[in-house]
J.: 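What follows is a single structure, and I will ask about it in a moment.
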Amino acid sequence: MSSRLHVVVVGGGVIGLSCAYYLARGGARVTLLERDHVGAGASWGNAGTVSAGHPPLNRPGRVRDGLRQMLDPTSPLYIQPRVDVKLWKWLYDFAIHCTDDHVEHAMRIMAPLGKEAFALFTELVHEERIQCGYRPEGYFDVCSTESGLDGARHEAGIIERYGYHPEHLDGEELRRREPAFSESVIGGVYYPEAAILQPSRFLTSLADALLRHGGAILEGVDVREVRVVAGRVTGVRTTASSVTDNSMIKGDSLGADVVVLATGPFSLAMARVAGARLPVQPGKGYHRDIEIGPNGAPALNVACVLSESSVFCTPMDTFVRFAGTMEFSGSNHVMRHDRLRQLTTAAREAFPALGSARPNSEWVGLRPMSADGLPIVGPLGDVEGLVVATGHGMLGLTLGPLTGQMVANQVLGGEEPRLEGLSPDRFR
Ligand SMILES: Cc1cc2nc3c(=O)[nH]c(=O)nc-3n(C[C@H](O)[C@H](O)[C@H](O)COP(=O)(O)OP(=O)(O)OC[C@H]3O[C@@H](n4cnc5c(N)ncnc54)[C@H](O)[C@@H]3O)c2cc1C
């Protein structure tokens with residue numbers, strides 16, 4: 001038996017894989033348990049942008065805008081009307097964080113972390129020779145209305161105050177840099193401190209890197225409970241005996257010194273063993289991938305987000321991914337085709353050359369949305385050896401490696417000051 005610290009990481013998304021990777025690199029014995037397969041969650045099909053430093057979703061006026069958008073079937077936001085006490089409690093918590101003070105509070109925490117996240121991402125991709133089409137070339141936020149442009153400029157102003165370098169561009173300059181833009185694009189902002197990549201390729205390569213550093217990945221293992229004895233984690237109870245014949249799991253249990261819960265918006269009731277309430281709701285988003293070609297997508301030079309519709313348009317290999325929308329309709333993967341269509345309808349306004357070729361992929365994923373717009377990362381107070389890493393919302397890919405590094409420092413070194421503002425204790 002090894003005397004090394006044994007860490008069980010629950011969840012094979014970008015957050016779980018990153019935690020497992022940095023823990024294994026730091027010398028821990030790591031077992032990652034995934035109930036489905038690596039990348040089964042939101043991490044697989046997201047928009048593929050590494051873009052940090054933006055204010056949280058909670059902003060003044062957001063509730064008013066949200067209510068107005070709910071009446072507009074083509075808006076990026078949709079809340080399915082239903083009786084769901086947890087959702088309404090979450091919406092209340094979200095609303096009380098929509099203040100200028102909270103924006104500044106979140107920026108003080110997230111702006112420096114965003115810079116580190118971008119630098120670490122670039123370092124990781126080079127160190128592990130990850131072939132995921134990583135292009136640290138920035139992206140455009142483009143607008144087709146004056147009010148959209150005002151909003152984009154306001155956001156850029158906040159980001160600039162926190163040490164980033166957004167560049168304001170008019171429509172002509174945007175078309176010079178990206179000739180595919182239509183005349184309807186009147187201006188926008190270029191964010192140089194950002195990158196794009198193909199998230200599925202990144203995940204697969206990160207899983208390989210984890211294995212190279214001695215970690216183990218067990219797929220098809222659903223974790224049902226964190227075992228705690230006398231205030232200390234002792235392991236997890238799983239469904240393993242019924243679904244896999246894996247010799248590392250005895251019966252249905254696996255012992256551990258530390259358990260990291262990186263289950264996205266799922267299975268967070270397990271945190272209750274530490275008396276913790278984690279206000280996370282699934283925020284559904286979609287993608288449509290369209291091959292580049294005469295009747296398909298234009299060959300874009302750089303990625304962009306269409307400001308008014310919040311649709312990301314990211315060139316990846318041979319196709320362009322159109323991704324976005326935010327839907328609070330529960331923990332399910334039901335695809336609403338009108339929402340999918342909205343992605344390409346919005347994109348066609350900005351890119352008239354977008355043809356009618358059928359998408360080669362349509363996908364839905366659930367973002368882990370925290371009520372205050374900040375990730376929830378760190379030890380869960382009352383139980384020694386229990387750590388949570390969730391709530392990354394629209395930034396899970398961006399913050400994945402940094403989250404992994406911070407969790408590894410906390411677990412292996414006993415402290416990580418950068419986690420202070422992200423601690424789950426803020427919801428106690
Ligand atoms: C349309 C869309 C576009 C996006 N674009 C971007 C972007 O451009 N940039 C960016 O930074 N972020 C983006 N995001 C957000 C990002 O994808 C998420 O924040 C991130 O994937 C969350 O990662 P995660 O590992 O926490 O969760 P997930 O990827 O959901 O992983 C959680 C995993 O845990 C597993 N699991 C759950 N419960 C259990 C259990 N009991 N036992 C074992 N396993 C369990 C699940 O099967 C799943 O595989 C986007 C999201 C969407 C939906």
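Starting from 1, each residue takes its place in the sequence as its number. Just so you know, ligand 1 is whichever comes first in the structure, and atom 1 is the first atom listed for that ligand.
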J.: What about Trp363: any of its N or O atoms under 3.5 Å from an N or O on ligand 1?
T.: no
J.: Has ligand 1 got any nitrogen or oxygen that is less than 3.5 angstrom from a nitrogen or oxygen of Leu399?
T.: no
J.: Salt bridge (charged side-chain N to carboxylate O under 4.0 Å, His left out) between Arg29 and Asp257: does it pass, once the steps are laid out?
T.: CA-CA 10 Å; Arg29 185 160 70 88; Asp257 303 302; over 6 Å; no
J.: Considering non-hydrogen atoms of the protein only, which is the closest contact for atom 8 (O) of ligand 1, and what is the distance?
T.: Thr49 OG1, 2.6 Å
J.: Between His287, His392, Arg35, Glu225, flag the one that comes closest to atom 43 (C) of ligand 1 by a heavy atom.
T.: Arg35
J.: Backbone or side chain, does any N or O of Val223 fall under 3.5 Å from an N or O of ligand 1?
T.: yes
J.: For the residue pair Tyr21 and Val30, establish whether any side-chain heavy-atom pair is separated by less than 4.5 Å.
T.: no
J.: Any idea which heavy atoms bring Ala117 and Leu399 closest together, and the distance?
T.: CB-CD2, 3.9 Å
J.: Strictly by modelled atom types, are Arg237 and Ser253 linked by a side-chain donor-acceptor pair under 3.5 Å?
T.: no
J.: Run Phe94 and Trp90 through ring-ring contact (aromatic ring centres under 6.0 Å, His included) and show every step you take.
T.: CA-CA 6 Å; Phe94 178 90; Trp90 183 92; 5.3 Å; yes
J.: Regarding atom 30 (O) of ligand 1: of the candidates Ala42, Gly12, Gly13, which has the closest heavy atom?
T.: Ala42
J.: Could you tell me whether Asp36 and ligand 1 have an N or O pair separated by under 3.5 Å?
T.: no
J.: Using a strict cut-off of less than 4.0 Å between a Lys/Arg side-chain nitrogen and an Asp/Glu carboxylate oxygen, indicate whether Asp93 and Lys89 qualify as a salt bridge.
T.: yes
J.: Return the closest protein heavy atom for atom 24 (P) of ligand 1 as residue, atom name and distance.
T.: Ile15 CG1, 3.7 Å
J.: So is there a nitrogen or oxygen of Ala47 less than 3.5 Å from a nitrogen or oxygen in ligand 1?
T.: yes
J.: What I want to know is whether His37 and ligand 1 share at least one N or O pair that is separated by under 3.5 angstrom.
T.: no
J.: Of the side chain and backbone of Ala262, name the one, both, or neither that has a heavy atom under 4.0 Å from an atom of ligand 1.
T.: backbone
J.: List for me each residue that meets side chain to side chain donor-acceptor pair (under 3.5 Å) alongside Arg82, sequence neighbours excluded, and say none if there are none.
T.: Asp84
J.: With Leu33, which of Thr263, Val259, Val221, Asp222 fulfils side-chain contact (heavy atoms from CB on, under 4.5 Å)?
T.: Val221
J.: I'd like to know whether ligand 1 has Tyr286 as a neighbour, heavy-atom separation below 4.0 Å.
T.: yes
J.: Report yes if the side chains of Asp382 and Arg428 come closer than 4.5 Å at any heavy-atom pair, otherwise no.
T.: yes
J.: Does Lys115 qualify as a cation-pi partner of Tyr164, given the criterion of NZ or CZ under 6.0 Å from the six-membered ring centre and within 45 degrees of its axis?
T.: yes
J.: Taking 4.0 angstrom as the limit and counting only heavy atoms of Thr398, give me the atoms of ligand 1 inside it, by number and element.
T.: 9 (N), 10 (C), 11 (O)
J.: Do any heavy atoms of Val221 fall under 4.0 Å from ligand 1?
T.: yes
J.: Listed by chain and number, what are the salt bridge (charged side-chain N to carboxylate O under 4.0 Å, His left out) partners of Glu415, not counting sequence neighbours?
T.: none
J.: Which protein non-hydrogen atom lies closest to atom 38 (N) of ligand 1, naming both residue and atom, and how far is it?
T.: Ser267 OG, 2.7 Å
J.: Does an N or O from Gly393, backbone or side chain, lie closer than 3.5 Å to an N or O of ligand 1?
T.: yes
J.: Within the distance-only criterion (no hydrogens, no angle test), does the side chain of Ser43 pair as donor or acceptor with the backbone N or O of Val14 below 3.5 angstrom?
T.: yes
J.: Heavy atoms only: which of Pro368, Ala323, Gly264, Ala194 lies closest to atom 22 (C) of ligand 1?
T.: Pro368
J.: Quick check: do Met369 and Leu57 have side-chain heavy atoms less than 4.5 Å from each other?
T.: yes
J.: If you measure every N/O of Gly396 against every N/O of ligand 1, is any gap under 3.5 Å?
T.: yes
J.: Just need the protein heavy atom nearest to atom 21 (O) of ligand 1, so name the residue and atom and give the distance.
T.: Ser43 OG, 2.8 Å
J.: Arg367 versus ligand 1: do any nitrogen or oxygen atoms come within less than 3.5 Å of each other?
T.: no
J.: What part of Leu33, side chain from CB on, backbone N/CA/C/O, both or neither, has a heavy atom under 4.0 Å from ligand 1?
T.: backbone
J.: Can you report which non-hydrogen protein atom sits closest to atom 4 (C) of ligand 1, along with the distance?
T.: Asn46 CB, 3.2 Å
J.: Which atoms of ligand 1 sit under 4.0 Å from any heavy atom of Val14?
T.: 23 (O), 25 (O)
J.: Among protein heavy atoms, which lies nearest atom 34 (O) of ligand 1, and at what distance?
T.: Gly11 CA, 3.3 Å
J.: Nearest to atom 49 (O) of ligand 1, what protein heavy atom do you find, and at what distance?
T.: Glu34 OE1, 2.7 Å
J.: Distance under 4.0 Å to a non-hydrogen atom of Asp222: what atoms of ligand 1 satisfy this?
T.: 40 (C), 41 (N), 42 (N)
J.: Got Pro401 and Tyr22 here, is their nearest side-chain heavy-atom distance under 4.5 Å?
T.: yes
J.: Give yes or no for whether the N/O distance cutoff of 3.5 Å, strictly under, is met between Pro265 and ligand 1.
T.: no
J.: Under a 4.0 Å heavy-atom limit, does Met394 contact ligand 1 with its side chain, its backbone, both, or neither?
T.: backbone
J.: Only one of Pro424, Pro375, Ser423 forms a side-chain contact (heavy atoms from CB on, under 4.5 Å) with Val388, so which one is it?
T.: Pro424
J.: Between the side chains of Glu167 and Tyr191, is a donor N or O closer than 3.5 angstrom to an acceptor N or O?
T.: no
J.: Go through ligand 1 atom by atom and flag the ones less than 4.0 Å from a non-hydrogen atom of Gly48.
T.: 8 (O)
J.: Does a side chain donor of either Glu193 or His165 reach within less than 3.5 Å of an acceptor in the other side chain?
T.: yes
J.: Just jot down the ligand 1 atoms closer than 4.0 angstrom to any heavy atom of Leu395, in number order.
T.: 10 (C), 11 (O), 12 (N)
